Amino acid sequence: MSVIDENPNAFLLRMSSISKSFGSFNALSDVNFDLRTGEIHGLIGENGAGKSTLMRILGGVYPASSFTGEIMIGSSPCQFHSAHDSENAGIAMIHQELELAPNLTVDENINLGREVNTFGVIRSQKNLARTAAVLQRVGLAVIDPHTKISELSLGQRQLIEIGKALVQKQKIIILDEPTTSLSLVEAENLLSIMRTLANEGTALIFITHRLDELMAVSDRITVLRDGKLVGTRSTDAVSTEGLVEMMVGRPLSQLFPQRKSMPGSQALEVLSWTVPDAKRPGLTRVKSASFSTRTGEIVVFAGLVGAGRTELARSLICGYGAKASAGSLKLGGLETSFASPKDALRKGLAYVTEDRKDDGLVLRQSIGINVTLCAPHKVSRFGVISQRKQTEIASQYIKSLNVKCRSLDDPVGDLSGGNQQKILLAKYLLLRPKVIILDEPTRGVDVGARLDIYTTIAQLAESGSSVIVISSDMQEVIGLADRVIVMCEGAITGELVGDEVTEGKIMELAIPKSSINSLLEDKNGTH
């Protein structure tokens with residue numbers, strides 16, 4: 001049962017019987033959601049479950065005339081006809097794509113549109129004082145208010161967005177996937193700031209696919225599935241496994257497909273591979289790395305952010321240029337080299353980028369065009385693309401990957417993150433590569449879409465491809481891998497198989513020795 005407090009005065013926000021349709025598609029059906037003062041309330045569900053639609057209603061993006069149901073702030077009913085109405089009611093929505101002006105300073109961004117002025121004259125010192133107070137609250141007191149946004153890290157920019165909401169003295173802050181692009185340290189810092197704000201009385205709605213973060217910081221969690229409310233639970237009364245089952249209707253134990261590893265012949269062999277640092281002469285991003293993979297095998301590269309895994313993968317396909325790396329490479333037992341990423345793909349080595357929006361997909365183009373983008377020869381004759389053939393091939397992958405879309409003509413940018421990731425995979429699956437490298441294939445992807453992607457990875461291995469996965473998700477590393485190769489500071493530090501594949505052993509190889517020694521010294525009280 002949902003956690004319900006029958007005292008109406010206990011709630012800062014109530015959304016009751018919210019329903020919304022897009023044509024014949026029911027995005028939300030009779031959904032209830034509530035929020036208490038000083039609470040972090042998690043909102044989760046698969047992509048397409050209705051989370052964003054519900055929050056866009058609360059944020060005034062969808063006006064009151066476009067849905068049915070009631071919104072109450074405290075004891076007062078509210079109707080929002082625009083985002084401005086929602087802001088005036090004390091609600092701030094921080095989108096996954098941050099809305100900051102990169103060429104303006106921190107001070108200018110925080111006060112933009114809300115500057116302290118007297119008869120139209122901006123009071124710079126008062127604005128700076130307000131900015132300094134906000135930076136203190138969000139843990140960025142060391143930042144110079146005159147620093148341009150473009151000079152800040154993603155984690156710092158995320159906190160500046162929160163600072164903008166605090167300047168407006170908003171009572172409710174909606175955070176949509178705020179940690180997706182952050183490092184582990186930045187994510188932990190953001191979660192700590194969120195808890196501090198909640199303790200000060202701000203209410204936060206936390207939308208995320210990272211269940212470990214949700215469990216660590218939230219007070220209650222609401223789960224949506226297919227536009228319907230599954231339930232609301234107190235965080236201390238539910239497990240990660242229970243949340244997964246609520247979201248997808250199946251237990252966590254079924255997340256990774258059962259398969260028998262049967263490695264075959266050598267697929268890829270890399271020897272003494274070195275990648276210089278183009279920005280810092282004399283330094284290297286990858287140091288004399290050597291490894292091999294076999295057909296029918298899933299090899300996962302683990303390591304901390306900045307360990308050099310992506311640099312290694314991209315350099316193998318000439319992602320930094322043909323002369324930007326040194327070493328030897330064998331594909332299918334034959335020594336080879338590539339002139340470009342296109343040449344690598346043609347010869348059977350595919351790299352699926354971690355950045356699907358900037359490097360992987362043409363967001364304004366249709367699903368059909370994106371699926372066949374790397375294989376025009378399969379859908380054309382004498383240089384003329386066959387619309388029928390394109391539709392036929394794209395439809396096959398849409399079905400096999402369980403992509404949720406209305407039409408193959410839809411722009412890929414209109415799809416959810418999980419469905420975009422599936423389209424990115426389909427681009428390369430169409431070419432049936434000998435070796436495929438998947439860089440963070442489930443980043444920003446919901447649990448249900450993860451299951452589809454894991455199933456596809458398993459099917460790739462079973463069909464004879466050699467699959468390399470780069471992952472920072474420890475559960476994913478352990479659940480997928482036949483072998484784990486660990487990198488640290490640009491070097492391969494170890495390889496684990498079978499019972500050796502544990503979180504403890506992976507982290508032991510992933511953490512720089514200097515850091516381990518420092519931790520041991522601190523523990524032993526030597527300094």
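Residue indices begin at 1 and follow the sequence shown. What you are looking at is a predicted structure, and each value in this text was computed from that prediction instead of being measured.
Atom CG of L166 sits about 12.5 Å away from atom CD of Q136, to the nearest 0.5 Å. Rounding to the nearest 0.5 Å places CG of N109 at 10.0 Å from CZ of R157. Rounded to the nearest 0.5 angstrom, F256 CZ and Q475 CD are separated by 5.0 Å. Of the inter-residue distances, the one linking D107 atom CG with L128 atom CG reads 4.5 Å to the nearest 0.5 angstrom. With rounding to the nearest 0.5 Å, the separation of CD1 in I57 from OG in S66 is 6.0 Å. Distance CD1/I160 to CG/L135: 5.0 Å, rounded to 0.5 Å.
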Before you tell me yes or no, could you show the steps for I71 and Q79 under side-chain contact (heavy atoms from CB on, under 4.5 Å), namely the whole-Å CA-CA distance, both residues' side-chain angles and the distance that decides it to 0.1 Å?
CA-CA 7 Å; I71 299 174; Q79 285 199 333; over 6 Å; no
List the steps, then state whether side chain to side chain donor-acceptor pair (under 3.5 Å) holds for N419 with S416.
CA-CA 5 Å; N419 287 308; S416 66; 2.9 Å; yes
Side chain to side chain donor-acceptor pair (under 3.5 Å) for E70 and S16? Distances and angles first, verdict last.
CA-CA 5 Å; E70 184 180 50; S16 304; 4.9 Å; no
Is there a salt bridge (Lys or Arg N to Asp or Glu O under 4.0 Å) between D219 and R195 once you walk through the steps?
CA-CA 10 Å; D219 299 296; R195 176 45 63 193; 3.3 Å; yes
Would you please test L43 and F206 for side-chain contact (heavy atoms from CB on, under 4.5 Å) and show each step?
CA-CA 6 Å; L43 179 61; F206 183 24; over 6 Å; no
Evaluate I437 against Y428 for side-chain contact (heavy atoms from CB on, under 4.5 Å), listing each step before the verdict.
CA-CA 10 Å; I437 305 171; Y428 296 96; over 6 Å; no
Go through it in stages, so that I can follow the logic: the residues are V230 and T222, the test is side-chain contact (heavy atoms from CB on, under 4.5 Å), and I'd like the CA-CA distance, side-chain angles, deciding distance and then a yes or no.
CA-CA 8 Å; V230 179; T222 289; over 6 Å; no
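Remark: D410 does not engage K404 in a salt bridge, criterion side-chain N to carboxylate O under 4.0 Å. A salt bridge links E161 to K164: one of the charged nitrogens lies within less than 4.0 Å of a carboxylate oxygen. At a threshold of 4.0 Å, the pair R210-E177 does not count as salt-bridged, since none of the basic side-chain nitrogens sits closer than that to a carboxylate oxygen. Look at D30 and K228 and you find no salt bridge, because none of the NZ, NE, NH1 or NH2 atoms lies under 4.0 Å from a carboxylate O. Under the 4.0 Å criterion applied to side-chain N and carboxylate O atoms, D34 and R220 are assigned as salt-bridge partners.
If you check the side chains of N111 and T131, you find a donor sitting under 3.5 Å from an acceptor. Side-chain atoms of S19 and S29 form no donor-acceptor pair, as typed in the model, at a separation below 3.5 Å. If you check the side chains of D355 and T353, you find no donor sitting under 3.5 Å from an acceptor. Side-chain atoms of R309 and S472 include a donor-acceptor pair closer than 3.5 Å. When only modelled atom types and interatomic distance are considered, E476 and Y454 share a side-chain donor-acceptor pair under 3.5 Å. In this structure, a donor-acceptor pair under 3.5 Å is present between the side chains of T105 and E108. Q421 and T442 form no side-chain donor-acceptor contact under 3.5 Å, judged by distance and modelled atom types alone.
Under the 4.5 Å side-chain criterion, counting only non-hydrogen atoms from C-beta, I18 is in contact with F67. By the 4.5 Å heavy-atom criterion applied to side chains, T310 and Y351 are counted as neighbours. Annotation: side chain of M55 is not in contact with side chain of D176 (no heavy-atom distance under 4.5 Å). Proximity of I174 to I94: side-chain heavy atoms (C-beta onward) are nowhere separated by under 4.5 Å. Proximity of I468 to I298: side-chain heavy atoms (C-beta onward) are nowhere separated by under 4.5 Å. Considering only heavy atoms from C-beta on, V362 stays 4.5 Å or farther from I369 through its side chain. L408 is not listed as a side-chain neighbour of V371, based on a closest heavy-atom distance of 4.5 Å or more. Side chains of R356 and I423 form no contact here, defined as non-hydrogen atoms less than 4.5 Å apart.
The main-chain N or O of A198 is never found under 3.5 Å from a side-chain atom of T202 such that the two would form a donor-acceptor pair. Side-chain N or O atoms of T455 include one that pairs as donor or acceptor with a backbone N or O of L451 at under 3.5 Å. When atom types are taken as modelled, the side chain of E39 and the backbone of L204 share no donor-acceptor pair closer than 3.5 angstrom. Of the possible polar contacts, none joining the Q365 side chain to the N370 backbone as a donor-acceptor pair under 3.5 Å is found. Distance alone, capped at 3.5 Å, places no donor-acceptor pair between the S76 side chain and the M72 backbone. In this structure, T147 contributes its side chain and D144 its backbone to a donor-acceptor pair below 3.5 Å. Remark: the backbone N or O of Q156 is paired with a side-chain donor or acceptor of S153 at under 3.5 angstrom.
Of all heavy-atom pairs between M215 and T235, the closest is O-CG2, 3.7 Å. A pairwise comparison of heavy atoms in G368 and Q390 identifies O-CG, 3.7 Å as the closest pair. In terms of heavy atoms, V300 sits closest to A481 at CG2-CB, 3.5 Å. G418 and A449 get closest at one heavy-atom pair: CA-CB, 4.1 Å. Between G42 and L214, the shortest heavy-atom distance links the atoms CA-CD1, 3.5 Å. The nearest pair of heavy atoms linking V445 to R450 is O-NE, 3.4 Å.
Using bins of under 30°, 30° to 60° and over 60° for the plane-to-plane angle, the ring pair F33/H41 lands in the tilted bin.
The side-chain contact (heavy atoms from CB on, under 4.5 Å) test with L190 singles out one residue from T179, L175, V138, and that residue is T179.
Remark: K20 qualifies as a cation-pi partner of F22 under the 6.0 Å distance and 45° angle criteria applied to the six-membered ring.
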